Amino acid sequence: MPELPEVETIRKVLQQKIKDRTIVSVKVLDKRIVKLSPSIFINSLEGQTFNAVSRIGKYILFTFKNDLVLVSHLRMEGKYFYLSKEDRNPPHSCVVFYLDKGYRLCYADVRKFGTMELTSVTDLTNLASIAKLGPEPFDATPEYLYQKTSATKRAIKDVLLDQSVLAGLGNIYVDEVLFLSKIHPLTQANLLTRNDTVTLLKHSVDVLNKAIVAGGTTIRTYQTLDGKTGEFQVELLAYGRENEECYACQSKMKKIFVAGRGTTYCPNCQRIKDKPLMIAITGMVGAGKSSVLAHLEKNGEQVYDADKIVANLYNDKNIASLISKTLNVDLHNENEVIDRDKLIKYLQDDISNLTKLTDIVHPLVKKELERIFASSNDKRIFVEIALPYSYRINELFNFFIGIETSKEKQSEYLKIRGDDFVIVRPDEEYFKNRFKLDYIIFNDRTLDDLYNSIDNILHHF
DNA sequence: GCGCTATCCTGTCAGC
DNA sequence: TGCTGACAGGATAGCG
């Protein structure tokens, strides 16, 4: 996934290898890469001599001695190989440039996302892909960035990825820049201050410069055409560090999806301004989640119970109708809301019905929690939720507290409650995701001990 | 016009 | 062991 530092590293090596070399012939092995007729592409390039290799944003520009420019974008997996007579073309070769003295410049692209276009030096800035590029972070001013961010409500991560705003940053470096700037990736761009844009630009320039010195970042398959890999991955502070400790505060790094991109951030260092912290209280069935929630509420905290949200959904006529219609089964009672007895029977008839139901209900719970989050003025919100990791509901939460108890205590509790048959799945789910939790409380003593344990955690938020 | 999502594409890996 | 589906993400088309 080459971004500006990787492209710059590749450009430097290309410049050394192919300057003043002449293209004897060209073979287009995959037409999808070349954005014009292959025959025109080939005829235009044969006999041309490379003059310089430059770069704008993530685009590589091969300039020839007759004013022609080959504009190449590597997208996700594009690579150049400089090969001698004896070397075989690498797998997934798409375009081969046969050079003088028997050498070849080969473009290979596993996923065929890369592009090649032809233009002239004079028309370069009119080429659509180049014309819309914003300045690189090295050339942008805080005033420019502030003008761009204040004009949109999009998430700041989305804006920084937009090449028409700033050219050169991609998913990896945006995560790094936001981490260093202590800005949450989902922060609405128009809520940033001018000082924030100063910080963002400063860190953008710093990160890109450091990565260029390190020869780029090798996450998956990136390498330069002389086979070297980048070294910046060892310096990454955020990208790809989900569930690892934040280098600044030791909180567990979280992963969410922003603008369809995997995004890693620190929930403690990168908080959304003026928005509450969302803290999930999860854990084993019968371990004391509800007691913890009641204790927090008594102490003036804002609390919600996901089970109550579900119960409210079942009592909503529109939702009840949607559930019955989607599942194609009558679950109404005479008041047109969900009938609990019918629902339990429906679930007992076929265990796979549970998944069908949660496919409808869990996204609605997520929506309701999003609404609560968006409209709240509280400092923090606690939500008791048995399955926070399904349907990406976890993306709403900054921290997770797990409550556990001994098997003996749990069975005692379940005997009193008398419904242990439904409990297996939540506990399985809980233990599957246990390693992602920020705090775990083991509750096998008194209620006061449980309350003390939760109170001791609160000062972290 | 803005904001969001699907699409392109294939190797890799986790889960069953 | 082998199959399936999710995921990786830069750029863009298309939809509401």
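Computed from a prediction, not measured in an experiment: that's the story for all the values here. In the text below, chain A, chain B and the rest are named by the order of the sequence lines, each starting its count at 1.
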Tell me the interatomic distance from [X], atom [atom1], to [N], atom [atom2], rounded to whole angstroms.
{"X": "A/K79", "N": "B/dC9", "atom1": "NZ", "atom2": "C1'", "answer": "13 Å"}
{"X": "A/E77", "N": "C/dA11", "atom1": "CD", "atom2": "C1'", "answer": "15 Å"}
{"X": "A/L166", "N": "C/dA11", "atom1": "CG", "atom2": "P", "answer": "13 Å"}
{"X": "A/I256", "N": "C/dA8", "atom1": "CD1", "atom2": "P", "answer": "13 Å"}
{"X": "A/K432", "N": "B/dG15", "atom1": "NZ", "atom2": "C1'", "answer": "9 Å"}
{"X": "A/F435", "N": "B/dA14", "atom1": "CZ", "atom2": "C1'", "answer": "12 Å"}
{"X": "A/I172", "N": "C/dG10", "atom1": "CD1", "atom2": "C1'", "answer": "12 Å"}
{"X": "A/M116", "N": "C/dA11", "atom1": "CE", "atom2": "P", "answer": "16 Å"}

request  = Please state whether the base of B/dG11 and the side chain of A/R111 form at least one donor-acceptor pair under 3.5 Å?
outcome  =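 Looking at the base of B/dG11, it does not pair with any donor or acceptor on the side chain of A/R111 (distance under 3.5 Å).
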key: Backbone of A/A108 reached by a side-chain donor or acceptor of A/S93 within 3.5 Å   = no
Strictly by modelled atom types, are [X] and [Y] linked by a side-chain donor-acceptor pair under 3.5 Å?
{"X": "A/Q410", "Y": "A/D427", "value": "yes"}
{"X": "A/S376", "Y": "A/D378", "value": "yes"}
{"X": "A/R104", "Y": "A/N89", "value": "yes"}

inquiry  = Is the positively charged end of A/R241 above the ring of A/Y247, judged by distance under 6.0 angstrom from the centroid and angle within 45° of the axis?
reply    =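 Flagged: A/R241 positioned over aromatic ring of A/Y247.
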query = Checking A/K436 against A/Y389: charged group under 6.0 Å from the ring centre and within 45 degrees of the axis?
reply =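 Yes, cation above the ring, under 6.0 Å and within 45°.
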ask   = What pairs of residues pass the salt bridge (Lys or Arg N to Asp or Glu O under 4.0 Å) test when at least one of them lies in residues 187-202 of chain A, not counting sequence neighbours?
value =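 Passing the test, one end in residues 187-202 of chain A: A/E143-A/R194, A/D196-A/K273, A/K202-A/D206.
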Please confirm whether the shortest side-chain N or O distance from [X] to OP1 or OP2 of [N] is below 4.0 Å.
{"X": "A/H92", "N": "B/dC9", "answer": "no"}
{"X": "A/Q163", "N": "C/dG10", "answer": "no"}
{"X": "A/K58", "N": "C/dA11", "answer": "yes"}
{"X": "A/H73", "N": "C/dA11", "answer": "yes"}

key: Intermediate values then yes/no, side-chain hydrogen bond (donor to acceptor under 3.5 Å, both in side chains), A/S129 and A/E117   = CA-CA 9 Å; A/S129 47; A/E117 300 170 89; 3.0 Å; yes
query = Any idea how A/Y80 and A/F62 line up, ring-wise: parallel (<30°), tilted (30 to 60°), or perpendicular (>60°)?
reply = perpendicular
request  = Would you indicate which nucleotide in B/dG11, C/dA8, C/dA11 comes nearest to any side-chain atom of A/R75?
outcome  = C/dA11
inquiry  = Near DNA chain B, counting only heavy atoms under 4.0 Å, which residues of residues 129-143 of chain A show up?
reply    =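 Listed by number, there are none.
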Name the pairs: protein N/O against N/O of nucleotides 1-3 of chain B, kept only if under 3.5 Å.
| from | atom 1 | to | atom 2 | distance (Å) |
| --- | --- | --- | --- | --- |
| B/dG3 | OP1 | A/T152 | OG1 | 3.1 |
| B/dG3 | OP1 | A/K153 | N | 2.9 |
| B/dG3 | OP2 | A/T152 | OG1 | 2.6 |

